[in-house]
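Reckoned from all heavy atoms, side chains included, excluding hydrogens, waters and symmetry mates.
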Amino acid sequence: MTDSHAHLDACDEPARALVARAREAGVDRIVTIGTGVDSCRRALEIAEAEESVVAALGIDPHRAATPEAARVGELRELLAHPKAVAVGETGLDGFHDLAPLARQRALLDEQLALADELGLPVVIHSREADADTAAALAPFAGTVVLHCFSAPALLDVALERGYYVSFAGNVTYPRAESLREAAALVPRERLLAETDSPYLAPQPVRGRRNEPANVVHTLEALARARNEDPAGLEAAIDVNARAAFALP
């Protein structure tokens with residue numbers, strides 16, 4: 001099983017302990033995410049130390065109004081690392097309102113251009129910015145992973161363009177029926193599962209700090225929503241993660 005999105009550098013416990021528990025739960029690959037240049041460096045350090053961890057490196061939209069937004073050029077060197085597999089997370093966030101959308105869009109565009117230049121997939125954060133996200137991604141011809149999918153209005157665009165759609169622990173919440181309905185519509189070959197650790201712990205462990213081992217709960221919720229066998233869906237999702245991030 002692959003956890004396609006975790007912030008191991010933001011977790012309270014050492015990555016080694018989290019990876020070991022994930023392995024015991026059947027999670028044998030983790031994509032850890034950088035959200036700024038220093039976070040990206042930490043993500044690469046973790047990936048270097050843990051064979052089962054690879055890294056996606058980006059500057060997230062929450063930093064678009066900070067000096068971090070001027071450091072996109074530094075990502076190019078970091079992305080040359082053999083365990084760097086994607087640009088991101090990057091994207092647009094109209095919910096937290098930490099930066100004007102125009103500045104977020106400029107930061108996203110720079111990272112899309114970098115991904116295009118390097119031939120890498122992008123990991124996209126989109127919250128309450130459906131139309132703007134769709135417009136920003138329209139010119140990008142590479143692989144797109146919509147992480148922590150929570151925008152059913154964006155689903156038609158995702159399906160039409162062949163994006164990967166990744167669901168996190170919030171798909172397990174009792175009131176998340178619209179997310180489960182969306183998950184049932186995603187083609188099997190475009191479905192991913194993630195934890196977004198240490199955030200969004202799934203319902204069976206809600207209230208605790210999340211970790212990659214808990215992606216199994218997301219898998220179970222997805223299997224129920226799609227009326228599929230969990231083992232078969234797990235295998236399919238693992239194949240999808242390998243394809244999305246060009247993993248061996």
Side-chain angles (χ1 to χ4, degrees), residues 1-15 18-19 22 27 29-50 52-64 66 68-69 71-72 74-76 78-79 81-93 96 98 104 107-108 110-112 114-115 118 120-127 133 142-150 163-170 192-201 209-215 218 237 240-242 244-247:
M1 183 66 187
T2 300
D3 179 358
S4 67
H5 194 108
H7 299 270
L8 294 180
D9 72 307
C11 293
D12 294 334
E13 293 187 68
L18 298 171
V19 170
V27 181
R29 193 182 301 268
I30 301 165
V31 182
T32 193
I33 309 296
T35 56
V37 173
D38 294 338
S39 171
C40 289
R41 295 187 192 281
R42 293 192 297 272
L44 283 177
E45 289 173 0
I46 292 169
E48 286 176 342
E50 301 295 337
S52 61
V53 178
V54 294
L57 310 178
I59 300 171
D60 72 22
H62 306 313
R63 291 162 175 76
T66 74
E68 194 76 15
R71 303 181 70 186
V72 173
E74 295 180 53
L75 293 177
R76 181 179 283 100
L78 298 179
L79 287 162
H81 193 286
K83 298 204 79 173
V85 298
V87 174
E89 68 184 270
T90 181
L92 301 173
D93 192 311
H96 289 100
L98 295 177
Q104 295 183 40
L107 178 59
L108 169 58
E110 281 194 76
Q111 291 177 87
L112 289 174
L114 185 58
L118 299 177
L120 290 171
V122 291
V123 177
I124 296 295
H125 170 115
S126 181
R127 188 169 184 188
T133 297
T143 298
V144 172
V145 176
L146 297 178
H147 120 81
C148 191
F149 188 76
S150 57
Y163 296 164
Y164 288 93
V165 183
S166 183
F167 290 88
N170 52 342
L192 295 173
E194 64 173 89
T195 58
D196 203 15
S197 302
Y199 318 109
L200 292 176
R209 296 283 275 179
N210 203 6
E211 61 179 275
N214 292 331
V215 76
T218 301
I237 287 175
N240 297 344
R242 292 173 185 272
F245 297 106
L247 303 175

Can you measure from [atom1] ([X]) to [atom2] ([Y]) and round to the nearest 0.5 angstrom?
X    : Y    : atom1 : atom2 : result
L200 : N214 : CG    : CG    : 11.5 Å
L57  : L114 : CG    : CG    : 10.0 Å
H81  : C40  : NE2   : SG    : 12.0 Å
S39  : H7   : OG    : NE2   : 8.0 Å
L146 : T133 : CG    : OG1   : 8.0 Å
H5   : D196 : NE2   : CG    : 4.5 Å

Point to revise | Stepwise side-chain hydrogen bond (donor to acceptor under 3.5 Å, both in side chains) check, Q104 with H125 | key: CA-CA 11 Å; Q104 295 183 40; H125 170 115; over 6 Å; no
Review point. If you measure only the distance, is there a donor-acceptor pair under 3.5 Å linking the side chains of T195 and D3?
Key: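 The criterion, which ignores hydrogens and geometry beyond distance, is satisfied for D3 and T195.
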Quick one: are [X] and [Y] in side-chain contact, heavy atoms under 4.5 Å?
X    : Y    : result
E68  : H62  : no
V54  : F245 : no
D12  : P198 : no
I124 : L108 : yes

How close do [X] and [Y] get, counting heavy atoms only, and between which atoms?
X    : Y    : result
V53  : A47  : O-CB, 3.5 Å
P61  : G91  : CB-O, 3.2 Å
E194 : S166 : OE1-OG, 2.7 Å
I33  : E89  : CG2-N, 3.4 Å
R29  : L247 : CD-CD1, 3.1 Å
T143 : A244 : CG2-O, 3.8 Å

Review point. Only one of R63, Q111, E110 forms a side-chain hydrogen bond (donor to acceptor under 3.5 Å, both in side chains) with T90, so which one is it?
Key: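 Answer to the side-chain hydrogen bond (donor to acceptor under 3.5 Å, both in side chains) test with T90 among R63, Q111, E110: Q111.
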Check your understanding: Any salt bridge between E50 and K83, counting N to O under 4.0 Å?
Key ->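 No salt bridge links E50 with K83.
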Review point. Going by an N to O cut-off under 4.0 Å, is there a salt bridge joining E45 and R42?
Key: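 Salt bridge: no.
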Point to revise | Residues L18, R209; criterion side chain to side chain contact (heavy atoms under 4.5 Å, CB included); working and verdict | key: CA-CA 11 Å; L18 298 171; R209 296 283 275 179; over 6 Å; no
Check your understanding: Per the side chain to side chain contact (heavy atoms under 4.5 Å, CB included) rule, which among L44, V85, V87 passes with L79?
Key ->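 Filter result, single survivor: V87.
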Review point. Quick one: does S4's side chain have a donor or acceptor within less than 3.5 Å of a partner on A193's backbone?
Key: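 Present.
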Check your understanding: Would you find a donor on one side and an acceptor on the other, under 3.5 Å apart, between the side chain of N240 and the backbone of L192?
Key ->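 Flag not set: sc N240 to bb L192 has no pair under 3.5 Å.
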